[in-house]
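Computed from heavy atoms alone, side chains included, the values below leave out hydrogens, waters and symmetry copies.
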Amino acid sequence: MEMILFTIASAVAVFATLMTIVGRNVVHSLLYLILSLLAASVLFFLLGAHFAAVLEVIIYAGAIMVIFVFALMLMNQGQKTIEQENRWLTPGMWLGPALLALILLAEVLVMIAGGHAPAGQTVDSRQVGVALFGPYLLAVELASMLLLAGLVGAYHLGKPMLDRNRQRRQP
């Protein structure tokens, strides 16, 4: 039974990721990306990594996707963009993401109702914390420095574009 659930969740993850890449509309791509992250969370759960599954949902599918949606909202291009979005946001466009989300929901309900315990050892948050801030402390600190450098680089690369947009908007 677990193999069937794993195969379905893998297929949903691959299809949603593919739709994220080839999508023409940014909002639809974000919806498919959220579904891809949820499918990855189901895969983590099936592999026995409950803590990683919860973190996947909370951090990636929750917080980071909200930031992406806010960034899209802040880049409003005016009335022309609103009209284009109204043409694109038809009820049929939600069919694909809704169907994939229902498949993932059905999988989770089957796992809960069947009482399927994933194979393998479960890991709790204390074990993750001890591992990250024990032998892997240097790697965690290097990763945080790399993320900080990427953030500073993205700011400096985007600053000229922000300055040009501000100058165009001023009367």
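Each of Val14 and Val22 belongs to its own hydrophobic cluster when Ile, Leu, Val, Met, Phe, Trp and Tyr are linked at side-chain heavy-atom distances under 4.5 angstrom. Hydrophobic clustering (side-chain heavy atoms under 4.5 Å, transitive across Ile, Leu, Val, Met, Phe, Trp, Tyr) groups Leu100 together with Val110. Two different hydrophobic clusters hold Phe44 and Ile34 under the rule that ILVMFWY side chains link at heavy-atom gaps under 4.5 Å. Ile59 and Val140 fall within a single hydrophobic cluster, where Ile, Leu, Val, Met, Phe, Trp and Tyr are joined by side-chain heavy atoms under 4.5 Å apart, directly or via other members.
Using a 3.5 Å distance cut-off with no hydrogens or angles, the side chains of Thr20 and Ser29 do not pair a donor with an acceptor.
We find the CD1-CG distance between Ile103 and Leu99 to be 4.5 Å, quoted to the nearest 0.5 Å. Here CZ of Phe51 is found 10.5 Å from CD of Gln127. Values are rounded to the nearest 0.5 Å. For the atom pair CG (Leu46) and CE (Met3), the distance works out to 11.0 Å, reported to the nearest 0.5 Å. Rounding to the nearest 0.5 angstrom, the gap separating the CG atom in Leu95 from the CG atom in Leu102 is 9.5 Å. To the nearest 0.5 angstrom, Tyr60 atom OH is 11.5 Å from Leu33 atom CG. Separating the CG atom in Leu38 from the CG atom in Leu43 is a distance of 11.0 Å, to the nearest 0.5 Å.
Nearest approach of Glu107 to Phe6, heavy atoms of both residues: OE1-N, 4.4 Å. Across Ser36 and Ala13, no two heavy atoms sit closer than the pair OG-O, 3.8 Å. Closest approach of Leu35 and Leu104 over heavy atoms only: O-CD1, 3.8 Å.
Under the 30°/60° scheme for interplanar angles, the aromatic rings of Phe15 and Tyr32 are found to stand perpendicular.
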